[in-house]
Amino acid sequence: TYKDKNNRFYPISNSSKEVKDKMLSDLRQYKNIKIINKEILSKNDIKDYNYKIISAGSRNTEKLIISFSHTLRPFKKALVGLRINNMIYPEGVTIKSLDGDFIFTKNGISGPLAFKISSDNVNKTFPYEISIKLFDINELFNLIKANSKKSIGTVISMLLPKSFTKTLVKDFDKKASEISKKYLEELSMFKLTVIGTENKGEIVNSGGVDLLELTNNCKSKTENNLWFCGEILNIDGYCGGFNLQNCWSTGYVVANDVVKTIVNNK
């Protein structure tokens, strides 16, 4: 793995499939574990088992949660690209803003910052406004002092991709020293109207099993010997290993509690 400046961890390959394949290959080394390819749709599909752990993602698990008489907090896309109103910016261009990195897509923005914004605003009603701090205004003022005879577009292009700056700055060719301070401050705060999320490609969903219906060990308070762990819980975090850590940590807690329960029941 490698760690970025925000303490986010990724596999060197940047492939989530590699994480899944590694965990499955490790499981197959144990002779007492059987991997059965059978879809579990409701509690009736596993009624003959004494101890049940539901360790699942969020896709197509709504009916499974409800079949156990647990409250489902609606699943919503939490880490996903955003569609914006009046998409006029250059597709494929990456912006390294002070708030984080994002990339312009065909219909809006994607990348780490877009995912964070979508997660923070998952319960907001569309459309809603966002503001992204593109650059340090004092750094721009210093550049203008040193390049006062150059156009404002040229100076801002020292901080941002030129193709984006041409769309962002109305008076691109106007002399930098002639631009008002108020206008430059407004430019530094990039405002967008979010009208929805991308139709696919979400990394994680918010929502899931209501945590109030579980013990601190993720055990059901209403069903006998039933535990939930992973993304099916109403827990979601930002990109960078936090959602995987949720799965591993809750899985660890559940495994310990299951073993303890089995021992106590002997």
Side-chain angles (χ1 to χ4, degrees), residues 1-20 22-23 55-59 61 72-84 89 92-105 107-136 189-212 214 216 218 228-254:
T1 58
Y2 70 91
K3 180 178 72 171
D4 71 6
K5 63 182 180 181
N6 295 311
N7 290 322
R8 298 179 298 199
F9 282 82
Y10 300 93
I12 291 174
S13 64
N14 283 321
S15 169
S16 58
K17 184 177 182 298
E18 184 181 0
V19 179
K20 182 191 75 172
K22 172 63 177 172
M23 296 188 76
S55 174
S58 56
R59 291 184 180 176
T61 52
L72 168 67
R73 297 300 174 190
F75 288 121
K76 297 180 181 179
K77 297 176 181 179
L79 295 177
V80 67
L82 299 171
R83 291 185 292 116
I84 63 173
Y89 305 103
V93 172
T94 297
I95 308 298
K96 295 184 178 296
S97 78
L98 296 185
D99 291 330
D101 299 352
F102 65 94
I103 185 171
F104 287 111
T105 62
N107 300 308
I109 60 173
S110 187
L113 180 59
F115 296 154
K116 181 179 184 296
I117 292 170
S118 71
S119 182
D120 287 340
N121 297 285
V122 69
N123 291 313
K124 278 191 176 180
T125 302
F126 298 111
Y128 61 81
E129 303 293 323
I130 61 173
S131 184
I132 300 171
K133 193 169 185 180
L134 290 177
F135 50 78
D136 184 336
M189 298 305 297
F190 184 45
K191 299 186 187 309
L192 294 170
T193 300
V194 179
I195 59 174
T197 60
E198 293 290 352
N199 294 326
K200 59 182 180 178
E202 72 274 10
I203 296 174
V204 71
N205 284 329
S206 70
V209 177
D210 192 329
L211 301 181
L212 295 176
L214 305 176
N216 288 341
C218 302
F228 293 94
C229 62
E231 193 186 346
I232 201 168
L233 297 172
N234 184 23
I235 298 173
D236 62 281
Y238 296 136
C239 289
F242 301 109
N243 291 292
L244 286 173
Q245 189 63 55
N246 161 47
C247 296
W248 296 328
S249 295
T250 55
Y252 179 83
V253 167
V254 166

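- Residue C229 holds its SG atom at 13.5 Å from CH2 of W248, rounded to the nearest 0.5 Å.
- Here the straight-line distance linking atom CG of L192 with atom CD1 of I117 works out to 8.0 Å at 0.5 Å rounding.
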N/O donor-acceptor pairs under 3.5 Å from side chains in residues 73-84, not counting sequence neighbours:
unit_1, atom_1, unit_2, atom_2, d
R73, NE, D210, OD2, 3.0
R73, NH2, D210, OD2, 2.5
K76, NZ, N123, OD1, 3.2
K77, NZ, E198, O, 2.7
K77, NZ, N199, O, 2.9
R83, NE, T197, O, 2.9

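- Between V194 and N121, every side-chain heavy-atom pair lies at or beyond the 4.5 Å cut-off.
- Residues satisfying the salt bridge (charged side-chain N to carboxylate O under 4.0 Å, His left out) criterion with K3, sequence neighbours excluded, are absent altogether.
- When all heavy atoms of F9 and N7 are compared, the pair lying nearest together is CD1-O, 3.8 Å.
- With sequence neighbours excluded, no residue satisfies salt bridge (charged side-chain N to carboxylate O under 4.0 Å, His left out) with K191.
- Taking CG of D101 as the reference point, atom CZ of F115 lies at 12.0 Å (rounded to 0.5 Å).
- Taking 4.5 Å as the limit, every side-chain heavy atom of P112 sits out of range of all side-chain heavy atoms of Y238.
- Residues D99 and S131 approach most closely at OD2-O, 4.0 Å, considering heavy atoms.
- Within 6.0 Å of atom CG in N216, 12 or fewer heavy atoms from other residues, nucleotides or ligands are found, so the atom counts as exposed in its surroundings.
- Looking at I95 and F135, their side chains never come closer than 4.5 Å, going by heavy atoms from C-beta outward.
- Although no hydrogens or angles enter the test, the distance criterion places no donor-acceptor pair under 3.5 Å between the side chain of T94 and the main chain of I103.
- Applying the side chain to side chain contact (heavy atoms under 4.5 Å, CB included) criterion to S13, with sequence neighbours excluded, gives P11, S15, E18.
- Among all heavy-atom pairs drawn from V204 and G237, the shortest one is CG1-O, 4.3 Å.
- The local environment of CE in M23 is sparse, with at most 12 non-hydrogen atoms from other residues, nucleotides or ligands closer than 6.0 Å.
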Note to self: Before you tell me yes or no, could you show the steps for N14 and Y2 under side chain to side chain contact (heavy atoms under 4.5 Å, CB included), namely the whole-Å CA-CA distance, both residues' side-chain angles and the distance that decides it to 0.1 Å?
What the structure shows: CA-CA 10 Å; N14 283 321; Y2 70 91; 2.8 Å; yes
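- Looking at heavy atoms from C-beta onward, N243 lies out of side-chain contact with E231 at the 4.5 angstrom threshold.
- Residues S119 and D236 have side chains in contact (heavy-atom distance under 4.5 Å, counting atoms from C-beta outward).
- Note that CD1 of I235 and OG of S206 are 12.0 Å apart. Values are rounded to the nearest 0.5 Å.
- Taking CZ of F228 as the reference point, atom OG of S55 lies at 11.0 Å (rounded to 0.5 Å).
- The salt bridge (charged side-chain N to carboxylate O under 4.0 Å, His left out) contacts involving residues 7-17 comprise D4-R8, K17-D21, where partners must be two or more places apart or lie in separate chains.
- Residue pairs meeting the salt bridge (charged side-chain N to carboxylate O under 4.0 Å, His left out) criterion with at least one member in residues 122-133, sequence neighbours excluded, do not occur.
- Expressed to the nearest 0.5 Å, how far CG of N205 lies from CD1 of I232 amounts to 12.0 Å.
- Atom CZ of F126 sits in a crowded spot, with more than 12 heavy atoms from other residues, nucleotides or ligands closer than 6.0 Å.
- Ring geometry for F190 against F104 counts as perpendicular: the plane angle is over 60°, on a 0 to 90° scale with 30° as the lower cut.
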